[in-house]
Amino acid sequence: MLYDLTVPAYQNGLRALSGELSRARTWGEENGIGELQFAVARLAPDMFPLAAQVRFTCIQALQPLARLADADVLDFPDDATDFAGMQDQIGAALAFLDAVDRAALGDDGDRGVSFTLPNGMAFDMRAFDYVRDWAQPQFYFHRTAAYAVLRHMGVPLGKADYVSYMMRYLRPGTAPAA
């Protein structure tokens with residue numbers, strides 16, 4: 001259960017983000033917007049830039065697995081400075097997710113999970129609550145912020161890009177005509 005709630009969702013989100021970054025790179029080249037401009041772009045002065053949002057998305061895909069499986073995860077200490085670096089971080093996170101052992105996460109949603117934030121705030125919760133109330137929102141916050149920065153920069157993305165993985169479920173013959 002815990003595996004099914006985390007790993008596939010994070011893989012879907014990271015792959016979609018990778019596709020969005022690819023579109024942004026191409027669009028930027030066609031419109032004179034450089035990679036560094038994208039990497040440092042942010043929605044508001046007090047928000048992290050795109051490169052940090054990508055890094056945090058990767059971290060938030062791996063950190064819950066470390067807590068649930070009591071395992072070590074990759075470290076992403078620095079923001080990337082270009083699209084290749086952001087794609088490398090996503091690729092490393094996806095490779096890690098591909099290797100996660102379902103059994104290591106367990107199925108006991110009632111077991112305890114505790115963690116402390118860098119500011120000293122400490123939390124104690126059930127594993128299921130941790131995934132639902134902390135892990136998923138953290139991942140999707142940074143994932144959505146990255147998408148929003150790209151849209152803010154003018155990249156022509158839409159909901160179909162954000163949930164591009166849904167196309168595998170599309171019933172044949174039901175897509176609208178272009």
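Owing to the predicted nature of the structure, the values given are computational and were not obtained by experimental measurement.
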Say whether [X] and [Y] are linked into one hydrophobic cluster, either directly or through other cluster members, by side-chain heavy-atom distances under 4.5 angstrom.
X      : Y      : answer
Phe123 : Leu65  : yes
Tyr147 : Met167 : no
Val163 : Leu157 : yes
Met125 : Phe141 : no

Discussion item. We want to know whether His142 and Gln60 form a side-chain donor-acceptor pair, criterion being a heavy-atom distance below 3.5 angstrom.
Written reply: no
Worksheet entry | Side-chain donor-acceptor contact under 3.5 Å, Thr57 with Gln89 |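 Short answer, no.
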Worksheet item: Can Tyr130 and Phe115 be said to form a side-chain contact (heavy atoms from CB on, under 4.5 Å), step by step?
Response: CA-CA 10 Å; Tyr130 169 71; Phe115 63 98; 3.6 Å; yes
Fill in: Neighbour count above 12 (heavy atom, 6.0 Å) for Asp70 CG
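Open.
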Any salt bridge between [X] and [Y], counting N to O under 4.0 Å?
X      : Y      : answer
Asp129 : Arg126 : yes
Arg55  : Asp78  : no
Arg25  : Glu30  : no

Discussion item. The test is salt bridge (charged side-chain N to carboxylate O under 4.0 Å, His left out); show your working for Asp98 and Arg15 and say whether it passes.
Written reply: CA-CA 12 Å; Asp98 287 342; Arg15 287 183 183 121; 3.7 Å; yes
[X] side chain vs [Y] backbone, donor-acceptor pair below 3.5 Å:
X      : Y      : value
Arg151 : Val155 : yes
Ser18  : Leu14  : no
Gln37  : Gly34  : yes
Asn12  : Ala9   : no
Arg111 : Ala127 : no
Asp101 : Ala103 : yes
Asp107 : Met1   : yes

Item to complete: Could you go through the side-chain contact (heavy atoms from CB on, under 4.5 Å) check for Val113 and Asp124 one step at a time?
Response: CA-CA 6 Å; Val113 173; Asp124 299 307; over 6 Å; no
Could you tell me which non-hydrogen atom of [X] sits nearest to which non-hydrogen atom of [Y], and how far apart they are?
X      : Y      : answer
Leu74  : Ala92  : CD1-O, 3.4 Å
Tyr162 : Tyr165 : O-CE2, 3.8 Å
Ala39  : Ala80  : CB-O, 4.2 Å
Glu35  : Ala84  : OE1-N, 4.2 Å
Gly13  : Arg143 : O-NE, 3.1 Å
Pro156 : Asp161 : O-OD2, 4.3 Å

Worksheet item: For the side-chain contact (heavy atoms from CB on, under 4.5 Å) test, which of Leu62, Val131, Leu97 pairs with Thr6?
Response: Val131
[Y] and [X], any side-chain heavy atoms less than 4.5 Å apart:
X     : Y     : answer
Asp75 : Ile59 : no
Tyr3  : Pro8  : yes
Thr81 : Val40 : no

Item to complete: Test Asp79 against Leu50 for side-chain contact (heavy atoms from CB on, under 4.5 Å), laying out the working first.
Response: CA-CA 9 Å; Asp79 292 345; Leu50 174 64; over 6 Å; no
Item to complete: Kindly assign one of parallel, tilted or perpendicular to the pair Phe139 and Tyr10, based on the angle between their ring planes and the thresholds 30° and 60°.
Response: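 If you compare the ring of Phe139 with that of Tyr10, the planes turn out tilted.
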Worksheet item: What class does the angle between the rings of Phe83 and Phe38 fall in, given that below 30° is parallel, 30 to 60° is tilted and above 60° is perpendicular?
Response: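 Rings of Phe83 and Phe38: tilted, as their planes differ by 30° to 60°.
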Practice prompt. Start with the C-alpha gap between Phe128 and Asp108, add the side-chain angles, then the distance that decides, and say whether side-chain contact (heavy atoms from CB on, under 4.5 Å) holds.
Written response: CA-CA 8 Å; Phe128 181 82; Asp108 182 6; over 6 Å; no
Worksheet item: So how far is it from Ile90 CD1 to Gln87 CD, rounded to the nearest 0.5 Å?
Response: 5.0 Å
Fill in: Interatomic distance, Cys58 atom SG to Gln63 atom CD [nearest 0.5 angstrom]
12.5 Å
Discussion item. I'd like to know whether Asp4 forms a salt bridge (charged side-chain N to carboxylate O under 4.0 Å, His left out) with Arg102, so could you lay out the CA-CA distance, the side-chain angles of the two residues, the decisive distance to 0.1 Å, and finally the verdict.
Written reply: CA-CA 8 Å; Asp4 294 325; Arg102 173 186 291 272; 3.0 Å; yes
